[in-house]
Amino acid sequence: MTVKLRKPCDYGDYLQLDKILSAQQPESAFYGEPVHDETLFIVTHQAYELWFKQILHEFNSVIDIFNHSSVKDDELTTVVHRLNRVLKIQLLLNQQIEVLECMTPQEFLAFRDFLVPASGFQSVQWKMLEIVLGLKSDYRIDFDKQSFYSRLKPDQQQFLRELEQKPCLFELMDSWLARMPFLEFGEFKFWKLYQKATEVMLDNDIKIVNSIEELSPKDRRVQLKAIEDNREKFAVLLDKTRYQQKREEKAFRLSHKAMLSALFITLYQDEPVFNLPFQLLQALTEIDEQMTIWRYKHSMMVQRMLGAKIGTGGSSGTEYLKRTTERNRVFSDLFTIATFLLPKRDLPELPIELKKAMGFCPV
């Protein structure tokens with residue numbers, strides 16, 4: 001048997017540091033003296049792109065796992081682990097904005113005009129991240145729909161259009177949730193019991209509001225109306241037809257079955273069989289939250305640097321970023337689930353036969 005000798009591995013060669021450390025070419029140098037702070041600007045954005053590459057690497061591995069008719073428990077463990085890794089990277093990216101903010105607006109203005117029309121709009125990897133996660137054209141704000149591809153090269157446009165035709169993480173998660181059994185089991189109809197429990201809870205909320213003597217008539221009306229509004233939301237959730245109508249109006253993104261499954265998992269998160277699925281839902285919620293925080297912090301930084309100026313890519317700068325902060329979310333339904341939660345003491349008891357079928361009940 002011939003043993004292949006392992007060649008020595010050099011640190012600099014392995015990391016290709018010659019390429020990386022020579023990749024900072026200030027644009028200002030072509031017009032005279034290089035502006036000192038432009039190097040910070042370049043390095044920070046290059047670091048962003050490297051981390052975007054790693055996040056895409058993690059997302060694509062998760063998509064490969066969910067792009068099957070079933071997901072094994074050990075695979076789900078891997079998924080949760082990798083999504084939590086993405087979350088740690090996002091926390092780092094959000095902190096990295098503070099490094100850019102070490103540069104003053106005047107220091108930025110010293111080289112900003114040399115960058116036109118370069119813009120974050122041209123970050124193909126960021127656009128890939130949004131598409132892979134689930135933010136496709138139909139769900140973008142109007143400005144995005146008009147300009148998403150316009151600043152890119154033709155080959156980049158074609159690549160992203162093809163990527164939009166492939167299953168994204170949101171779509172695969174929806175299919176996986178919709179396949180979950182246990183929502184109905186023999187004579188056990190969970191949602192009928194859940195509906196009764198919600199009615200009891202809401203009726204009790206009305207009694208509490210009416211019992212508070214310190215409330216003014218106006219405040220009492222406001223709180224009672226809020227309870228009735230919540231009653232209507234519960235009614236929509238439990239009615240497939242009405243839910244689908246709201247979904248077509250973009251009030252929900254998850255399919256009806258997927259939404260009910262996500263709620264069921266959240267309600268019974270303490271049951272061993274739902275521990276990993278709940279961790280998965282939590283990871284997706286936190287990833288969406290960190291993307292929203294990143295957009296918000298980015299908009300604040302741009303406002304600090306540019307004020308009301310137009311962005312280098314021709315957008316309305318701060319105003320555009322503010323609009324995308326809230327609108328360009330993917331897993332907002334997972335936040336909405338909190339509306340439909342019940343206290344643990346009020347949850348319908350799962351029958352012993354169902355627990356045995358789930359595999360977490362001792363015989």
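These numbers come from a predicted model, not from an experiment.
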Are the side chains of [X] and [Y] in touch, meaning some heavy atoms are under 4.5 Å apart?
| X | Y | answer |
| --- | --- | --- |
| T266 | L334 | no |
| K257 | L177 | no |
| I206 | R231 | yes |
| L306 | F108 | yes |
| C168 | E171 | yes |
| S299 | V302 | no |
| M201 | P343 | yes |
| F66 | L76 | yes |

How many angstroms lie between atom [atom1] of [X] and atom [atom2] of [Y], to the nearest 0.5 angstrom?
| X | Y | atom1 | atom2 | result |
| --- | --- | --- | --- | --- |
| I65 | K72 | CD1 | NZ | 11.5 Å |
| R221 | K218 | CZ | NZ | 8.0 Å |
| R112 | L115 | CZ | CG | 8.5 Å |
| L83 | L169 | CG | CG | 6.5 Å |
| I131 | F159 | CD1 | CZ | 8.5 Å |
| Q282 | I287 | CD | CD1 | 11.5 Å |

Side-chain donor/acceptor of [X] to backbone N/O of [Y], under 3.5 Å:
| X | Y | result |
| --- | --- | --- |
| S261 | A178 | no |
| Q96 | T44 | yes |
| D37 | M103 | no |
| R329 | D288 | no |
| S119 | Q122 | no |
| H256 | L237 | yes |
| R253 | F170 | no |
| E213 | N210 | no |
| N84 | V80 | yes |
| Q156 | K153 | yes |

I'd like to know if the side chain of [X] pairs up with that of [Y] as donor and acceptor (distance under 3.5 Å, no hydrogens or angles considered).
| X | Y | answer |
| --- | --- | --- |
| W126 | E130 | yes |
| Q290 | N94 | yes |
| Q24 | T39 | no |
| Q16 | K19 | yes |
| E75 | T78 | no |
| E249 | Q245 | no |

Take atom [atom1] in [X]; do more than 12 heavy atoms of anything else shown fall under 6.0 Å from it?
| X | atom1 | value |
| --- | --- | --- |
| E248 | CD | yes |
| H45 | NE2 | yes |
| K189 | NZ | yes |

Shared hydrophobic cluster, [X] / [Y] (ILVMFWY, side-chain heavy atoms < 4.5 Å):
| X | Y | result |
| --- | --- | --- |
| L341 | L280 | yes |
| I63 | I89 | yes |
| L93 | I293 | no |
| L202 | I208 | yes |
| L92 | L133 | yes |

Six-ring centre of [Y], [X] cation under 6.0 angstrom, axis tolerance 45°:
| X | Y | result |
| --- | --- | --- |
| R151 | F121 | yes |
| K250 | Y139 | yes |
| R82 | F59 | no |

Which atom pair, heavy atoms only, marks the closest approach of [X] to [Y]?
| X | Y | value |
| --- | --- | --- |
| M259 | L254 | SD-CD1, 3.9 Å |
| Y14 | C9 | CB-SG, 3.8 Å |
| F278 | I265 | N-CG2, 3.6 Å |
| L152 | Q157 | O-NE2, 2.9 Å |
| E107 | T104 | OE1-N, 2.8 Å |
| A262 | L281 | O-CD1, 3.8 Å |

### Task
Let me see the working for I97 and E101 under side chain to side chain contact (heavy atoms under 4.5 Å, CB included), right down to the final yes or no.
CA-CA 6 Å; I97 290 179; E101 290 180 332; 4.2 Å; yes

Are [X] and [Y] close enough for a salt bridge, meaning some N to O gap below 4.0 Å?
| X | Y | answer |
| --- | --- | --- |
| D203 | K207 | no |
| K7 | D13 | no |
| D270 | K344 | yes |
| E164 | K136 | no |
| K196 | E199 | no |

### Residues S216, D219; criterion side-chain hydrogen bond (donor to acceptor under 3.5 Å, both in side chains); working and verdict
CA-CA 5 Å; S216 68; D219 288 341; 3.3 Å; yes

### Message
What verdict does the side-chain hydrogen bond (donor to acceptor under 3.5 Å, both in side chains) test give for E49 and S123, after you've listed the backbone C-alpha separation in whole Å, the side-chain angles of each residue and the deciding distance to 0.1 Å?
### Response
CA-CA 8 Å; E49 293 293 335; S123 172; 2.7 Å; yes

### Task
Among Y194, F274, F190, find the one that has a ring-ring contact (aromatic ring centres under 6.0 Å, His included) with Y268.
F190

### Task
Apply the side chain to side chain donor-acceptor pair (under 3.5 Å) test between R85 and each candidate in H57, Q90, Q54, E58; give the one that qualifies.
E58

### Message
As a quick check of understanding, evaluate side chain to side chain contact (heavy atoms under 4.5 Å, CB included) for F335 and E289, giving each step before the final call.
### Response
CA-CA 9 Å; F335 291 81; E289 180 178 332; 4.0 Å; yes

